[in-house]
Number of protein chains: 2
Amino acid sequence: MDKQLKRMATMQRIQTTGLEIFYQKGYFNTSIDDILKELSLSKGAFYYHFQSKEEYFISIVQNLLFRKVYSSLIEPIEGQEDPLNKIVACFDDALETAEHNFLDYGFVLSNFITEFNGKNPDIMNYLQDILKVWEVNLVTALQKGKTDGYVDRHIDSEAVATYLISSYIGIRTLMVEGNSKMLRYKYIQQLRQYFKLIEYKEPA
Amino acid sequence: MDKQLKRMATMQRIQTTGLEIFYQKGYFNTSIDDILKELSLSKGAFYYHFQSKEEYFISIVQNLLFRKVYSSLIEPIEGQEDPLNKIVACFDDALETAEHNFLDYGFVLSNFITEFNGKNPDIMNYLQDILKVWEVNLVTALQKGKTDGYVDRHIDSEAVATYLISSYIGIRTLMVEGNSKMLRYKYIQQLRQYFKLIEYKEPA
DNA sequence: AGGGTAACAGACTGAAAAGTCTGTTTACCC
DNA sequence: GGGTAAACAGACTTTTCAGTCTGTTACCCT
């Protein structure tokens with residue numbers, strides 16, 4: 001195989017597996033050996049490609065996590081008509097993947113934010129940047145919804161975006177306890193209710 | 001000092017400091033030595049009172065965390081008239097203490113749930129029990145609100161309770177990034193909006 | 001007052017984990 | 001096909017940490 005390609009492939013492999021295990025066990029509770037065992041790879045290989053555990057984790061955040069959050073939670077809404085329904089559909093999709101124990105990257109993100117809060121400001125910045133992109137994009141979608149006649153002009157888009165993200169993070173935290181199907185159903189139900197307040201009303 | 005009292009006092013001291021440091025640094029990232037250094041106490045003293053780090057943590061959850069969650073988030077609502085306004089006031093209070101970097105126990109709880117998820121089922125049970133008590137109590141308050149004429153009879157109390165807890169946990173996760181005053185304001189604003197849907201409406 | 005036990009001190013042990021270093025294999029180039 | 005550097009293997013070092021163990025102090029009871 002081409003060496004450049006091989007290098008890329010190996011790094012990808014190490015990062016992908018790392019994200020899964022860091023998510024499952026937490027950063028501080030996961031050893032490099034845990035990941036290498038899963039990969040049947042040696043220490044030498046790892047430290048050939050990455051300088052340290054921290055630099056390795058940051059590369060995962062930037063390369064994998066950011067892109068995944070973008071493609072699963074931002075792109076499906078970006079530039080679309082009818083933002084409210086798109087948001088509901090997008091959140092519901094993400095929660096469904098979470099139900100089947102796959103990675104739900106919005107939650108992975110908030111999980112890491114919780115873990116690194118107050119412990120590693122450097123990593124926190126990278127994580128919060130993703131959160132900001134998400135928030136900015138929701139605000140943009142809501143504003144566009146106003147001009148397109150889908151969203152009530154009087155609402156505070158930033159407040160709504162904040163409320164949306166917080167409720168999403170919260171419901172995913174609750175979903176870890178198991179009864180996730182019911183929780184998802186209840187959550188989406190209440191989200192639709194909430195959106196009734198926000199949607200454009202025909203002027204009387 | 002009476003020996004029994006001294007024993008209680010020392011254990012309390014160890015537990016209180018432990019909760020603070022575990023919250024700040026995380027369970028897995030905190031060593032017993034960290035806590036003992038803060039207390040100027042020895043290993044011998046610690047292991048005289050507690051069997052292991054795990055048993056120690058569980059005692060903190062049951063003795064301190066449970067009671068604090070109860071007194072800060074459950075008791076203020078329990079049995080009161082006008083549950084919706086009581087809930088807003090209670091959440092606002094808790095978020096205000098969080099702003100000043102004091103311990104907000106609802107968040108401490110969800111923090112630990114995030115940290116122990118998938119890692120320690122035993123501890124998870126103790127944590128989720130607290131969450132259940134919180135939820136049950138909100139449901140009860142909402143139901144009582146229905147009979148007392150404060151809450152719309154058509155709402156799904158369990159769904160609302162779930163939504164409340166999740167949004168609270170979520171907003172606290174977001175508040176770690178600093179701009180907490182604004183976040184709190186936006187959150188409470190949207191919460192009031194949401195409650196307009198739920199409150200009792202005079203029959204036409 | 002002094003024996004006994006609870007409460008505590010702190011050195012020690014063993015395991016785990018991040019990172020290093022030296023040696024080996026594999027792929028590319030001439 | 002042999003030289004070279006990239007890619008990897010794995011033993012080793014150093015630190016950290018949970019838990020142990022032996023010794024010491026403080027308090028209580030008779």
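Order of the sequence lines sets the chain letters (A, B, ...), proteins ahead of strands, with each chain counted from 1. Here the structure is a predicted model, which is why all the values come from computation and not from measurement.
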When you check the gap from the basic side-chain N to the acidic O, do A:Lys43 and A:Asp33 get nearer than 4.0 Å?
-> yes

Between A:Phe46 and A:Tyr56, ring centroids under 6.0 Å | yes

d(A:Ser180 OG, A:His100 NE2) to nearest 0.5 Å is 8.5 Å

Using whole Å, report how far CZ of B:Phe28 lies from C1' of D:dT16.
-> 16 Å

Look at the side-chain N and O atoms of A:Arg7 and state whether any lies under 4.0 Å from the OP1 or OP2 oxygen of D:dA7.
-> yes

Dump the pairs, protein N or O against N or O of nucleotides 19-23 of chain C, anything under 3.5 Å, distances to one decimal.
| from | atom 1 | to | atom 2 | distance (Å) |
| --- | --- | --- | --- | --- |
| C:dG19 | OP2 | A:Tyr47 | OH | 3.1 |
| C:dG19 | OP2 | A:Lys53 | N | 3.0 |
| C:dG19 | N7 | A:Lys43 | NZ | 3.3 |
| C:dG19 | O6 | A:Lys43 | NZ | 3.1 |

Among C:dA7, C:dG10, D:dG10, which nucleotide sits nearest the side chain of B:His49?
-> C:dA7

Quick one: B:Tyr56 OH to D:dG19 P, roughly how many Å, whole number?
-> 13 Å

Result of checking B:Arg192, B:Arg184, B:Lys86 against B:Asp92 for salt bridge (charged side-chain N to carboxylate O under 4.0 Å, His left out) = B:Arg184

Partner of A:Phe91 under side chain to side chain contact (heavy atoms under 4.5 Å, CB included), chosen from A:Asp93, A:Val88, A:Ile87 = A:Ile87

Residues in residues 117-125 of chain A with a heavy atom under 4.0 Å of DNA chain C, by number, are none

Side-chain N,O (B:Tyr48) to OP1/OP2 (C:dA7) below 4.0 Å | yes

Under a 4.0 Å N-O cut-off, is there an ion pair linking A:Asp104 with A:Arg172?
-> yes

B:Met11 CE to C:dC8 C1', in whole Å, measures 14 Å

Can you tell me how far the CG atom of A:Leu164 sits from the CD1 atom of A:Ile169, to the nearest 0.5 Å?
-> 11.0 Å

Nearest-angstrom distance from the residue atom CE of A:Met8 to C1' of D:dA7 | 16 Å

A:Lys6 has an atom NZ; how far is it from atom P of D:dA5, in whole Å?
-> 19 Å

Look at A:Asp156 together with B:Lys186 and state whether they make a salt bridge at an N to O cut-off of under 4.0 Å.
-> no

